[in-house]
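One structure is given here, and the rest of the page talks about it.
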Number of protein chains: 2
Amino acid sequence: MQESGSGNNTKKLILKASMELFSELGYKAASVRKIASKVGIRESALYNHFTNKEEIFTAVAATLFATPTSAKQSELSIAERAKGGKKFLFSFIVGYKLMTFDAKNERLFRILMIELLQNKTIRDSFKSEFHNNNIKMLSEAFFVMMQEDLIRSGDPKLMAMEFLSPLFYLRLQVTLMKVDGEPTTALSTQFEKHLEFFWESVAI
Amino acid sequence: MQESGSGNNTKKLILKASMELFSELGYKAASVRKIASKVGIRESALYNHFTNKEEIFTAVAATLFATPTSAKQSELSIAERAKGGKKFLFSFIVGYKLMTFDAKNERLFRILMIELLQNKTIRDSFKSEFHNNNIKMLSEAFFVMMQEDLIRSGDPKLMAMEFLSPLFYLRLQVTLMKVDGEPTTALSTQFEKHLEFFWESVAI
DNA sequence: TATAGATATGAACAACTGTTCATATAAGAA
DNA sequence: TTCTTATATGAACAGTTGTTCATATCTATA
């Protein structure tokens, strides 16, 4: 090993630098040379760790989606926790809000949105991990709440969509504001307001 | 004038070709040469109509956002039409659905999403035209509906957000499906289901 | 018909792209 | 120490990028 890389973690450094550059510039503009330069090596050295640029990006995307969506906070099953009704939804909101305002996850979301319409790998990840997991989890929760007569009956999946969509939209707004360095305090309280509105809509 | 361009509308042809390429490839990959080639001229000829690539993109974006959001369908004011309650919301949904599944507007949405996090001009347009107009319009409508005792009282802007977010999320999903050539029939009925759910949530 | 203005062309530019290659250097195993 | 393996380097490649320029050609006006 030469300088720069402190050991065998050059690969990790590449992933770190790549994630930052991809999120800042997007796939195309985050060139192999810029990535290498950020790591402190030449671009040719990158090819000892990855076969091509696409593989770097796929690896970055994989680490991004590996982040748990705030699912396993406790040992209790979703069905069990869902019996808490509004309490469960509140904890979900708190987790989602934390993700939205966390700098690292903010980058995640940026790069996701940037590549969503250009990269099929990202699209597939979004559909399975990001979207379906949340919808599936919430659907299960709403199904339980219906059985427990906490909320009015209906299609659990539809309710999951209705609950999640405004959160997603808020997250997009927050991300857009932060990109331009605008304050997001006004949006901060919107998350709880959404919960209030939603619960008033479905609670029995 | 040489061949290709049938008259003085080369500028329009450039905008048309640009829009298609921008939406397919994004800003970076839609090169000046590709645009020129699509029009049927050399890249140097483009510079007789636009000073640089950025100006082409800005012009495209301007024409995109110039499309009315289905606001002025009739001569009646929003306040007047809002008295229709669910009927008004249904007409909004129909308009939004039409936009979502219209090929041209689909492209609009794609390019918008692609550049949303990379281009400040687009971001500003999104915030003012795309977002605020809809929210403002819907807020006014919900305010009227509250006065008419058609819906429960609350923050009209919050309701507008709750009503619009799922539509936006659906639109994004449809766009993603179409990009990969997947069928969108399953999502098609979701628009009306959202209206049913929402109206049941707020109607008195 | 002569002239002016708009619009076309092709060549060139400097910079950047992803990738490959022969080669050098370092660390660990024999 | 010697040999192997991993990782670094710098140069080179063939394309592509946005932009400029002198020059040619078309159209409309005088």
Check your understanding: D:dT25 P sits how many Å from B:I41 CD1, rounded?
Key -> 18 Å
Revision key, fill the gap. Given protein heavy atoms under 4.0 Å, the one-letter contact record of nucleotides 11-19 of chain C, with B base, S sugar-phosphate only and - none, is simply -B----BBB
Review point. Does B:H49 make a side-chain N or O approach to OP1 or OP2 of C:dA6 shorter than 4.0 Å?
Key: no
Please report, to 0.1 Å, the donor-acceptor pairs under 3.5 Å made by any side chain of residues 14-26 of chain B, with sequence neighbours excluded.
unit_1, atom_1, unit_2, atom_2, d
B:K16, NZ, B:E20, OE2, 3.3
B:S18, OG, B:I14, O, 2.6
B:E20, OE1, B:K38, NZ, 3.2
B:S23, OG, B:M19, O, 3.0
B:S23, OG, B:E20, O, 2.8

Point to revise | Partners passing side chain to side chain donor-acceptor pair (under 3.5 Å) against A:T51 (at least two apart in sequence or in another chain) | key: A:E55
Check your understanding: Does a side-chain N or O from A:R42 land closer than 4.0 Å to OP1 or OP2 of D:dG10, or not?
Key -> yes
Which donor-acceptor pairs under 3.5 Å do side chains of residues 175-184 of chain A form with protein atoms, sequence neighbours excluded?
unit_1, atom_1, unit_2, atom_2, d
A:T175, OG1, A:R171, O, 2.7
A:D180, OD1, B:R123, NE, 2.9
A:D180, OD1, B:R123, NH2, 2.7
A:D180, OD2, B:R123, NE, 2.9
A:D180, OD2, B:K127, NZ, 3.0
A:E182, OE2, B:K127, NZ, 3.3

Practice item. Output all residues satisfying side chain to side chain contact (heavy atoms under 4.5 Å, CB included) with A:Q173, sequence neighbours left out; order by chain, then residue number. Key: A:Y169, A:L170, A:L187, B:H131, B:M161
**Study point:** Contacts of type salt bridge (Lys or Arg N to Asp or Glu O under 4.0 Å), residue A:R42, not counting sequence neighbours
**Key:** none
Review point. Quick one: does NZ or CZ of A:K193 land under 6.0 Å from the six-membered ring centre of A:F198, within 45 degrees of the ring axis?
Key: no
Exercise for review: Nearest whole angstrom, please: distance from the P of D:dT16 to the CD1 of B:I35.
Suggested key: 16 Å
Review point. Rounded to whole angstroms, how far apart are CG on B:N48 and C1' on C:dG5?
Key: 11 Å
Study note, to complete from the structure: Between CG of A:L46 and C1' of C:dC21 the distance, given in whole Å, is 16 Å
Point to revise | Rounded interatomic separation in angstrom, taking CZ from A:F50 and P from D:dT7 | key: 11 Å
